[in-house]
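Have a look at the structure below, then the notes.
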There are 2 protein chains.
Amino acid sequence: MSKNPTIADVAREAGVSTATVSRTLNDPDRVKEPTRVAVQDAVNKLGYTPHFGGRILASNRTNTVGAVIPTMENAVFAHGLQTLQASLADMGITLLVATSSYDREHEEHQIRTLLARGVDGLALIGAERSAEIYALLDRREVPYVLMWTGGKADGHFTVGFDNDAAARQVVDKVVAAGHTKIAMIAGTTEGNDRAAERVAGVRAALAERGLPAPTIVEVPYQIEEGERAAAAFLSAAERPTVLICGNDVLAAGALRAARTHGVNVPDQISIVGFDDIDLARVVEPPLTTVRVPHRRMGTSAAQHLVEWMRTGVKPASILYRTDFIERASLGRPPK
Amino acid sequence: MSKNPTIADVAREAGVSTATVSRTLNDPDRVKEPTRVAVQDAVNKLGYTPHFGGRILASNRTNTVGAVIPTMENAVFAHGLQTLQASLADMGITLLVATSSYDREHEEHQIRTLLARGVDGLALIGAERSAEIYALLDRREVPYVLMWTGGKADGHFTVGFDNDAAARQVVDKVVAAGHTKIAMIAGTTEGNDRAAERVAGVRAALAERGLPAPTIVEVPYQIEEGERAAAAFLSAAERPTVLICGNDVLAAGALRAARTHGVNVPDQISIVGFDDIDLARVVEPPLTTVRVPHRRMGTSAAQHLVEWMRTGVKPASILYRTDFIERASLGRPPK
């Protein structure tokens, strides 16, 4: 049996009788406005969907999957979402996407909203959210996949990659190129476990080598923010020889700062990105970055999430390898 | 009264009695599987939501708005969607976004899906879709806004700009710079009225000046496609002196083609984009382009759509001016 809320749950939540709930749902005009509001609020809050049976049956599927992503504003999630959507569409399922602006409470509200709209499954980004929301998903027996993350999310079905390991790989390459004065322009780590793991990976890899702790600034994932942060490093008394950026958007901003400061990349400073979005290949010089398997993540998340929705059996998590892509923005440190 | 489907409509669609529909919805275990499937299919098809009353009442709002956009793959819709979402969120409304991959049938299926999920309103891109779908929206009395378009969508509530006029403005500037050998790398016009209007505007503006009809190729809005199309023009016997691109993504691809062919922009060929997305400012040289008021479009679409949802009165359409942004990618034609 699924743990969908019952009419009794709605009655309790609204503080009315089940008969009143039933009357409100089936013949609202016979119910006073305040009661109607109370019942409707309870229905929305609990995600009660009376026209779907109690059991998970083919006949009560809505053939919709919900996704909550932090933002549509930069292209980080674009390709992964596109293939997730396309793969689901091939299976006759519509993907409905909400955005949380990297706000955890906002994300949880949207998860509840999607459940109230009767989605059959959910795709979420990262693993960091309240125990309450995971308890709700379990109670409602709604299959969900956590994307863009992996390894560190015990017990959840994840399709992604290890952000920490990828960041360590960046440090390996940067150090191998001869850099020791390393700074990082990270994405805001608050409410973003992927950004936090990238910072942790950089810190740990440097510490293990006995190299000095890097200067790390955190900024929102926006070109202007990367540009401003890079400008500060460029005009610092002790200029770093390489800027490790939390993603390609920040790195593109750093490239602009270097251009406006007349600082040659990579001769005078190296810049490394993360994600390998289209932007990385169109900027000049092209960005050395970490390739994330966006499209494969989207396709396999769709396939296995639907497998879970249809069989009721939680699939095994999938951890993809990331690749370090060497382009012109990383060179040896200046003499 | 709203024209939401009634239990009688569902019964008719499913070919069963209203009593059977009621029993299926309230106590599915008492109904045989085939009947349950038939009723559920009818419910989904008609978007019947029994737990919401017949009238548009505060108490039966779902506080969700649906949007169907062509793609999340490029950043064209990113900022407009983000401000639409943020403005709706400020009003306590969640935006659920589906993508159609520029496929009209797919878009209409998703509009029906969003209606079945009980959205209070819809945001759609462009005006080109079947009369049936507009009839459905009117019948269901669901407020909707058409974005990224304007002027040419009689009777609809649009918040956007005139793609045709903006394209004419591009021709004005390009001709004023001395160009006569003009080619266009347009987005695929099939199922995309915005792309079609940009092509029409370029054709008309050149014809009015008695200038030769431009060579126009249509490609999907992808960097690689813009690069491939530009490469063909660059190696043509009679090379154009300017490439007018359907959007900044195609123009960024054209810049890459010029770089790989060792053709200097703008000394040997000029390139103009459209949209003024972030990409336009990070490529080298920065793109001369048409600035579309993405953020204002999103904010005012949200405000007026909600006004319609709450008052039942369709707002007046809003037509924004576009601005021609001169950057380094447009110069005078080579001697």
Side-chain angles (χ1 to χ4, degrees), chain A residues 22 25-26 28-29 33 36-37 39-41 43-44 48-55 57-60 62-64 66 71-75 77-79 81-82 85-86 89 94-99 101 106 109-110 113-114 116-118 223 249 252-253 255-256 259 278-279 281-284, chain B residues 25-26 28-29 33 36-37 39-41 43-44 48-55 57-64 66 71-75 77-79 81-82 85-86 89 94-99 101 106 109-110 113-114 116-118 223 249 252-253 255-256 259 278-279 281-284:
Chain A
S22 168
L25 300 183
N26 298 314
D29 298 352
E33 175 76 10
R36 208 157 40 204
V37 173
V39 171
Q40 198 57 55
D41 288 350
V43 165
N44 288 335
Y48 175 62
T49 51
H51 56 307
F52 297 147
R55 295 229 180 82
L57 297 159
S59 61
N60 62 33
T62 62
N63 289 315
T64 54
T71 178
M72 295 190 183
E73 194 113 50
N74 67 50
F77 303 104
H79 293 312
L81 259 286
Q82 192 67 27
Q85 179 269 325
T94 296
L95 179 69
L96 302 180
V97 182
T99 59
S101 307
H106 194 183
H109 170 72
Q110 289 173 309
T113 300
L114 286 162
R117 298 296 97 224
I223 288 175
V249 174
L255 280 179
R256 277 175 63 188
R259 192 180 304 140
D278 295 347
L279 197 58
R281 289 171 295 111
V282 296
V283 291
E284 189 57 31
Chain B
L25 300 184
N26 299 313
D29 297 350
E33 175 75 9
R36 207 157 42 205
V37 174
V39 171
Q40 199 56 56
D41 289 350
V43 165
N44 288 335
Y48 176 62
T49 51
H51 56 307
F52 298 147
R55 295 229 179 83
L57 298 158
S59 61
N60 63 33
R61 290 236 178 81
T62 62
N63 290 315
T64 54
T71 178
M72 296 190 182
E73 194 112 52
N74 67 50
F77 303 104
H79 293 313
L81 259 288
Q82 192 67 24
Q85 180 268 325
T94 296
L95 179 69
L96 301 180
V97 182
T99 60
S101 308
H106 195 183
H109 169 73
Q110 290 173 308
T113 301
L114 286 163
R117 297 297 96 223
I223 288 176
V249 174
L255 280 180
R256 276 175 62 188
R259 192 180 305 141
D278 295 346
L279 198 57
R281 290 171 295 112
V282 295
V283 292
E284 188 58 31

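In the text below, chain A, chain B and the rest are named by the order of the sequence lines, each starting its count at 1. Treat the numbers as computed from the prediction; the structure is a model and nothing was measured.
Residues passing the side chain to side chain donor-acceptor pair (under 3.5 Å) test with A:Glu284, sequence neighbours excluded: B:Arg259. With sequence neighbours left out, the side chain to side chain donor-acceptor pair (under 3.5 Å) criterion links A:Thr94 to no other residue.
Per-residue heavy-atom pair counts under 4.5 Å with chain A were compared for B:Thr113, B:Leu279, B:Leu255, and the maximum is reached by B:Thr113. When the candidates B:Leu96, B:Val249, B:Leu81 are compared by the number of heavy-atom contacts under 4.5 Å with chain A, B:Leu96 comes out ahead. The choice from A:Val97, A:Thr64, A:Asn63, A:Val282 that makes the most heavy-atom pairs within less than 4.5 Å of chain B is A:Val97.
For B:Thr99, the parts sitting under 4.5 Å from any heavy atom of chain A are the backbone and the side chain alike. In this structure, the portions of B:Thr71 lying under 4.5 Å from any heavy atom of chain A include both its backbone and its side chain.
With hydrogens and angles ignored, the 3.5 Å screen pairs no side-chain donor or acceptor of B:Glu73 with any backbone N or O of A:Gln82.
Looking at every heavy atom in both residues, B:Ser101 comes nearest to A:Gln85 through OG-OE1, 3.8 Å. Here the closest non-hydrogen pair linking B:Met72 and A:Ala78 is O-CB, 3.0 Å.
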